[in-house]
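Here the structure comes first, spelled out in structure tokens, and everything after it is commentary.
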Amino acid sequence: MTLQERCPVLKFDDLGDERGKLVVIEGGQAIPFDIKRVFYIYESDSTVVRGQHANKESEFVLINVAGKSKVRITDGSEEIIVSLDKPMTGVYIPKMIWKDMYDFSSDSVLLVLASTHYDGSEYIRDYDEYLELMK
Ligand code: TYD
């Protein structure tokens with residue numbers, strides 16, 4: 001499987017009507033895991049690079065619910081860059097994939113859905129260590 005196939009861009013149901021948009025994401029249905037944690041990142045500017053880690057246990061879906069950002073995704077051999085700029089779409093990031101989020105617009109609100117509760121010890125924050133583990 002290519003990295004792109006392992007990290008698909010998911011399109012969510014839009015139940016909007018004349019009153020406005022409504023996007024629904026159900027764990028285990030629209031995304032391939034049950035949601036245990038939600039966090040969001042905002043007021044990161046265009047010079048900031050966030051993420052810079054891989055996770056041994058967590059899977060994520062990243063959605064820019066407002067504004068724009070980009071995520072660079074790699075498994076140590078392939079690399080893809082996904083532009084996040086639509087509240088109806090998100091990118092799925094499985095375990096053991098390295099990610100950098102950057103190029104945040106000033107109005108960016110990056111919503112992250114995670115399959116686990118937070119555990120700092122499952123984060124790999126050293127890229128050389130990550131490459132070693134991926135060998
Ligand atoms: P960090 O992982 O550096 O954020 P990002 O991946 O967006 O660059 O997290 C920043 C701080 O917040 C760090 O001290 C860990 C803490 N944190 C939690 O306590 N719980 C969480 O769910 C997350 C994502 C971070």
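Sequence positions, counted from 1, serve as the residue numbers for this chain. Atoms within each ligand, like the ligands themselves, are counted from 1 in listed order.
Looking at atom 22 (O) of ligand 1, its nearest protein heavy atom turns out to be Arg37 NH1, 2.6 Å. Among all protein heavy atoms, the one lying closest to atom 10 (C) of ligand 1 is Arg50 NH2, 4.2 Å. The single protein non-hydrogen atom nearest to atom 13 (C) of ligand 1 is Tyr118 OH, 4.5 Å, given as residue, atom name and distance. If you check which protein heavy atom lies closest to atom 8 (O) of ligand 1, you get Gly51 N, 2.9 Å.
Side chains of Thr2 and Glu78: a donor-acceptor N/O pair is absent below 3.5 angstrom, by distance only. For the residue pair Asp85 / Ser83, no side-chain donor-acceptor distance below 3.5 Å is found, with atom types taken as modelled.
Of all the heavy atoms of Ile41, the ones lying under 4.0 Å from any atom of ligand 1 belong exclusively to the side chain.
Note: Tyr123 and Tyr118 have tilted aromatic rings, judged against thresholds of 30 and 60 degrees for the angle between ring planes. Using a 30° and 60° split on the angle between ring planes, Tyr130 and Trp98 fall in the tilted class, from 30° to 60°.
Ion pairing between Arg6 and Asp75 holds under the 4.0 Å rule for side-chain N and carboxylate O.
Distance screen at 4.0 Å: atom 18 (C) of ligand 1 has a protein heavy-atom neighbour inside the cut-off.
The shell of residues lying under 4.0 angstrom from ligand 1, judged by heavy atoms, includes His53. Ligand 1 lies less than 4.0 angstrom from a heavy atom belonging to Arg125.
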Listing, residues 62-69 side-chain donor-acceptor contacts under 3.5 Å, not counting sequence neighbours, or none:
| from | atom 1 | to | atom 2 | distance (Å) |
| --- | --- | --- | --- | --- |
| Asn64 | OD1 | Ser69 | N | 3.3 |
| Asn64 | OD1 | Ser69 | OG | 2.6 |
| Asn64 | ND2 | Ala66 | O | 3.0 |
| Asn64 | ND2 | Ser108 | OG | 2.9 |

